[in-house]
Structures are given as structure tokens and as C-alpha cells.
Visitor: 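Take this structure first; my questions come after.
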Amino acid sequence: MRNVMIFGATSAIAEATARRFAERGDNLYLFARNRERLAVIADDLKIRGAHSTAFDVWDAGDRKDCESMVTRAFADMEQVDIVLIAHGTLPDQKACERDVETALREININALSTIELLTLIANRMERQKQGTIAVITSVAGDRGRQSNYVYGAAKKMVSTFLQGLRNRLFKSGVNVLDIKPGFVDTPMTAAFKKGLLWAKPERVAGDIVRAIEGGKAEIYTPFFWRWIMLIIRNVPETVFKRLSL
Amino acid sequence: MKLSGWGQYPSVDAEVAMPLADRDVTALIRSPELGRTMIARGLGRSYGDSSLAESVIGMGAMDHFVSFDETTGQLRCRAGASLDQILRVFVPKGWFLPVTPGTKFVTVGGAIASDVHGKNHHVDGTFTDHVSLIRIATVSEGIVDCSRSVHPALFHATCGGMGLTGVILEAVVTLKAIKSSMIEERTIKAANIDEAVAIFDDNGDATYSVAWIDCVSTGKDLGRSLIMLGEHAESGGLAVHHEGRVSVPVNMPAFLLNRYSVWAFNTLYYHRVSQPLTTRTVHYDPFFYPLDGIHQWNRIYGSKGFTQYQFVLPKDNGLEGMKVILERIAGSGRGSFLSVLKVFGKENGNDLSFPMGGYTLALDFKIDAGLFAFLDELDDILAAYGGRIYLTKDARMSRECFRRGYPRVDRFIETRVRYGADKIFNSLQSQRLGL
């Protein structure tokens, strides 16, 4: 039985992962924007086997109260074994190009709010001297593309932050895991045409749980994205800038 | 997005919305796009065009368990919860589905809309016979709880109603207590259809019964079968099923499925059992869901797709009708790798539920130029014997064939109109059938 905190708990990937934790009888503390959906998910996880569930309403776009919320949750759980940070939005790239406020808001939600949480959590985990901090970023952070570079840039900021944090927390025995999913079939991507590269959130969840258990530093999920992104990262910029990706 | 049913025929260009909560569903119903058809869809396992429309409401994200009573086995869950998930969570606690179709990859909402049946129909009825309450988003009355006593007409129209009365949001299903996840299976060989039916009749008290029937042999071998009977074992642990690892990655070339391969498969399948009676203890997964282990098995029929022809003939004269149809299928050189025969128990009172007391046969046919004309001929034989076709499998039957098979259709349409559903909910199938 582990004590698990999940931020962005109503996201499809987070929820699928929470179900895995629930099945093995963990204690779950959930954070997300929508109280009604949190309550539905908490009941569901309880029936699936969670030893206990608690939740708190939290909006990534709203900075006030974050620290007191984290303090309260750590006090409640006493010891935290796993923190999963999964919140995020999929920005409308064109809208971000037209409007500065939109671009900055997306950066705030997908990068700054995560860094805020990580800063608060890292200090507590460091004192605790054990546990895993797992963060969902994206393959989109591996290289900027015209179709979604605001999102990609935000995710890349988080990935770089995680590298440093991993380095810092290593001596405290805390593992920092960067999870890079490819295309995942979720309500967030309901409007997209699905092909062979698309994965179900359940599959991604299985990879996340295994990576946490295995103490991994970084995973691509499904695994083949590691090879796809290896190629994409290595296309020379003179060629890449001409592509319509 | 291009969307089709399990048979990959037909397909439609659909806009798919994925509601997260009841209010999202209500909003979709209140502001339909003008002139566009709309229907709810679960895991897309109905074979034909039942879950196809221009606007599709994908129920996959509304898949939560709401409450569970460990003394009665009553489970309240959201419509998008799959039977796979129910098994995963409740088998370890000693509970099983009261009725299950041949795949666990269907949602509770879909199981209600299709009023699915299983190998225990002759003793336990259909899925909705174990459903005590349905919460449904209707057009004219908003969100309504219906049951056999409250909004009974809506309840009986919704059970088996193919999603045409509203969007099913939540239901209460009573699970069945088990001591083990293992099944004691007996396989009995029948030399022909007469023997097969006699074996079903002799084993009417078996909890589960179904037959794999050879649909290519003729003459004295017509309808030779392997009848499989099952009982929940008393011991053996409560292990849950594993996820299937094998998948058919792409559509297979359709020519691989021809009269020779089908003949070879059916013959080998029949002779895989050499003893007249064999027994073994198997996990529920291979017993109930032999094809679930191969993901996307529908692709073996090629990119043009296939249709499953499942019909039921009433007990009186039904056996005779079954022989006529089997002769026609064997003679046609078409045919199916695995065909399934079962004896149903009594029908329930739902408007459009498929099962009725008698014999049901299900066969897969690859879609090609002459297929639909051939199936129309089978429909005529069916009509002569008073049979009907399962809406969940259908992609092509005519209005006349449908009306002949479903005598309570007018009552269904009346309820549909009363709840305002006829103006909003329409699938390709409901339009084809004039519902």
C-alpha cells in the first residue's frame, strides 16, 4: 500500500493510472479543477480497491492557495510515496500565434504551474528521503514544430527542470521520472483522426506504473516514440524548417 | 472522422463528441446540429450501422462505478463502464456478470441498448433482465430514472432499443455470486443438427450451453456440432483474465477467406474433439470470450468488411427451418469460420429485444457482390418460419423483414415519439429500418 498524490486527476491518463494504483489498494489524494468530477472519480477508485481516497479542488491557472494546499496534503498523508503530475491543456497553436495573452496563459498552465508544484513538492520529498516524482510531459517537447511549438516549449521547460531536479534529489533517494507520451486517445484529443500511432490511456498507464516501479528516469510511451523522436531530433534544421510538421 | 461498426461495413463520416458528465450529454441533446443524425456509441462492437450517425456521442469517458452493495451484488455504474472492467474489479471479490455476450469489450449502456444475451439465456434471460434501473437523458423529459415500475414504457423501449430512446447514462445491474473464476466445461459431439438439438434439450438445466456448428457439411452431417456446456466451478481461485497480447495489425487480403479455407477450418474444428464427451476445467476467459484474445480479429475478413447474420426461429417448426437455411448456406459455398447455435429460453417483454423461445444461429459472411441478395433469400425463408434478425448484428435487412420480425415495433415508436427521441436520435440503421 502506497500513498499517492495525483495532480490533474481528472485527465484521462491520470485516471487510468489511478485505477492501477487503486487496484493494488493504495491511498489516493486527488487534485483537479472540477469538484463534481473529482467526487465521481474518488467513488469509483474506492470501489476499484483504493484503501482511501481524498481530493481537493485545485486550478493550475490560479496561483493562490497552492502552497497551503500542498502543505495540508503532505500533513494528511504523512509520508508520500508517489506524486504524479498530469494536468495540462492542448493549446490552439493558431490562437497562441494571434494573441500574446493566450500564449502566455498556455505556458503558465503547461509549464509554470508544474514548476510551482515541483518546487513545493521537491523540498518536502527531499526531507522525506524517499519516493518518486513522476511528471507527464510530451514527445512534443523533443523538438519544436510549427503545429504546436507553444505546447512543445512548455513541455520542454518542464523536462529540463526535471533533469536538474533528478540530479539534485538523487542523493536524497528520490526518483524523478519524466513521462513522454505520444498520441493518446483521450477526450482532449477526441476531435483528432486516429491511426496506428495512437495509444489508449490504459496502455500509457501501464507503462507509467512500470516505470515508477522500475525507478526509470525517462520513458516514452508507447515505447516506439523513443525511436520516432530519435529520428525527428536528428533531422538537420536546414531540412526540418522546410517540413510541414 | 471515419467510423464503422465491428464488421467494418458500412462506414460514416462522423463527428464524435466525448461527454465527461451528464450535463455535457444534455447540452449535446439540446443543441443538435441542424439536420444531423445523432446516436450514442459505446465500444463500437455492434457489427453493422447501429452506432453510426453524423454526430456520435462517445460514452467511453463516462465509465465510472458509482456504488456497490457487497451483500446483494447490486452495482450502480455509468453507461460507459465496460464488462471487461466489471470483471477486472469484481471477479476477485467473488462476483460475475449475470449475463455476458461473446465479448467483454462492450459497455453497460451498449449491453442494455442491444439487450445482449449469453450462453445462459435459457435459464437467466437477457442482460436487462438483471437491470433494475436505468438513468437516461431524454429529449422531452430531461434526465429520467426508469424501471419496471417508473416510466415502464420507457424502460421496456430502452432495453433493446438500440439507443433510440435517449442516451443511457447510468444503470443498476445485479451481479452474480461465484466461488471460482473457473468453469467446468463439458463438450459433447453431435453428428448432425437433430442430435445437437436433442443434446440441448437433454441439458436444459445446464447453466451455460452453446454449440459451434459446422456450416459447410451437408446430408447426414448437416449441422454437426460441438455442444459446450458449462457450470461455475466450486473452487480454483478468483483469478481475473489477462489482457490479450495478440492483435491482427492490418486487414488481411479477403481472398484468404474462401470456400476451401472455410471448409478446412470447419472440418478441423469439428474433429479437434475425438471423444463423444470430454470435460475440462477452464478459466472464464477462454470459455466465454474465445476471440477476445485476438484484438481486431474483424480484420481477417479484409478491408471490405463482413456482416454477421444472426437470426432466431421460434421453437415450433424452427428445427425444420434451421435445416432449410443450413442447406442453403452449405450449398452457397459461402460460410463462416465459426458459426454458433443456441437454444433460447422465453422472450421478455421489451419492445425490440431479440431473443425468443427457439433456435438461434449466428454466422459471419465476408461482404462481396452477391452477399446481400443471398441474405435476402435467407430472410424470405426466415419470414416463412416466423423468425427475426438481431439488430445488433444487422447492416442490411429491409424494412419489411424488420417489421415482420418485431411485432411490438409500433409500441416502440410510440414511446420514442412520447419522449421526443424520434427528432434527435437516429442511426443509419434506424433510418434504414424506418424507426
Side-chain angles (χ1 to χ4, degrees), chain A residues 8-16 18-25 28 30 32-50 53 55 90 183-207 209-210 222 224, chain B residues 1-3 13-24 28 41 43-44 55-70 74-78 80-82 84-93 95 105 169-170 175 240 242-245 247 249-251 295-296 299:
Chain A
T10 52
S11 91
I13 296 176
E15 198 185 344
R19 288 179 179 183
R20 301 276 178 143
F21 293 139
E23 277 168 24
R24 62 185 198 194
L28 301 170
L30 314 174
R33 222 175 354 177
N34 186 320
R35 176 180 298 278
E36 204 180 322
R37 290 188 56 216
L38 275 169
V40 167
I41 291 170
D43 285 346
D44 173 73
L45 293 172
K46 199 78 206 295
I47 295 170
R48 286 171 193 268
T53 56
F55 61 84
L90 191 57
F183 299 144
V184 187
D185 185 0
T186 69
M188 187 168 94
T189 58
F192 290 69
K193 189 176 177 301
K194 311 291 189 298
L196 271 179
L197 292 177
W198 286 77
K200 293 279 173 202
E202 291 74 25
R203 175 164 184 196
V204 171
D207 286 351
V209 172
R210 267 190 302 280
F224 50 78
Chain B
M1 177 187 324
K2 191 170 161 260
L3 214 58
D13 193 25
E15 210 166 275
V16 182
M18 279 198 90
L20 301 172
D22 292 358
R23 94 165 70 88
D24 303 336
L28 287 167
R41 175 173 162 113
L43 284 165
S55 294
V56 168
I57 305 178
M59 297 299 289
M62 292 176 61
D63 67 343
H64 300 96
F65 298 130
V66 178
S67 63
F68 182 64
D69 183 332
E70 305 213 353
Q74 278 203 337
L75 170 68
R76 181 185 275 263
C77 66
R78 308 289 282 157
S82 68
D84 172 63
Q85 287 289 307
I86 292 177
L87 291 169
R88 201 171 281 286
V89 172
F90 294 98
V91 165
K93 300 180 202 280
W95 298 95
F105 300 121
L169 299 170
E170 196 169 301
L175 303 184
V240 82
H242 297 288
E243 277 163 58
R245 293 224 169 264
S247 178
V250 291
N251 281 311
H295 290 304
Q296 301 287 326
R299 290 178 175 153

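Since the structure is predicted, the reported quantities are computational estimates derived from the model, not experimental observations.
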Visitor: Please state whether the side chain, the backbone, both or neither of A:R37 comes within less than 4.5 Å of a heavy atom of chain B.
Guide: side chain
Visitor: Under a 4.0 Å N-O cut-off, is there an ion pair linking A:R210 with A:D207?
Guide: yes
Visitor: Flag the one option from B:V250, B:V16, B:V89, B:L75 with the top tally of heavy-atom pairs under 4.5 Å to chain A.
Guide: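 If we count pairs closer than 4.5 Å to chain A, B:V89 comes out on top.
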Visitor: What part of B:R78 gets closer than 4.5 Å to chain A, counting heavy atoms only: side chain, backbone, both or neither?
Guide: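 Answer is neither: B:R78 stays 4.5 Å or more from chain A.
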Visitor: Ring-plane angle category for B:F90 and B:F65, please: parallel below 30°, perpendicular beyond 60°, tilted otherwise.
Guide: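 Ring orientation, 0 to 90° scale: perpendicular.
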Visitor: Between A:R19, A:E202, A:K194, which has the largest tally of heavy atom pairs under 4.5 Å with chain B?
Guide: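 Looking at each option in turn, the highest pair count goes to A:R19.
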Visitor: Side chain from CB out, backbone as N, CA, C, O: work out which of these in B:R76 comes under 4.5 Å of a heavy atom of chain A, or both, or neither.
Guide: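 No part of it gets close to chain A.
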Visitor: In terms of heavy-atom proximity below 4.5 Å to chain A, should B:K2 be classed as side chain, backbone, both, or neither?
Guide: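 Looking at B:K2, nothing touches chain A.
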Visitor: Closest approach of A:A9 and A:L38, non-hydrogen atoms and distance?
Guide: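 Smallest interatomic distance, heavy atoms only, reads CB-CD2, 4.2 Å.
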Visitor: Is any side-chain N of the basic residue among A:E36 and B:R23 closer than 4.0 Å to the acidic one's carboxylate O?
Guide: yes
Visitor: Which answer fits A:E15, side chain, backbone, both or neither, if we ask what part of it has an atom under 4.5 Å from a heavy atom of chain B?
Guide: side chain
Visitor: Could you check if a side-chain atom of A:T186 sits within less than 4.5 angstrom of a side-chain atom of A:S11, using non-hydrogen atoms only?
Guide: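 They are not in side-chain contact.
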Visitor: Which one of B:Q85, B:R88, B:K93 has the most heavy-atom pairs closer than 4.5 Å to chain A?
Guide: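 Top count of heavy-atom pairs under 4.5 Å with chain A: B:Q85.
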Visitor: Quick check: are there more than 12 heavy atoms from other residues, nucleotides or ligands sitting under 6.0 Å from CZ of A:R35?
Guide: no
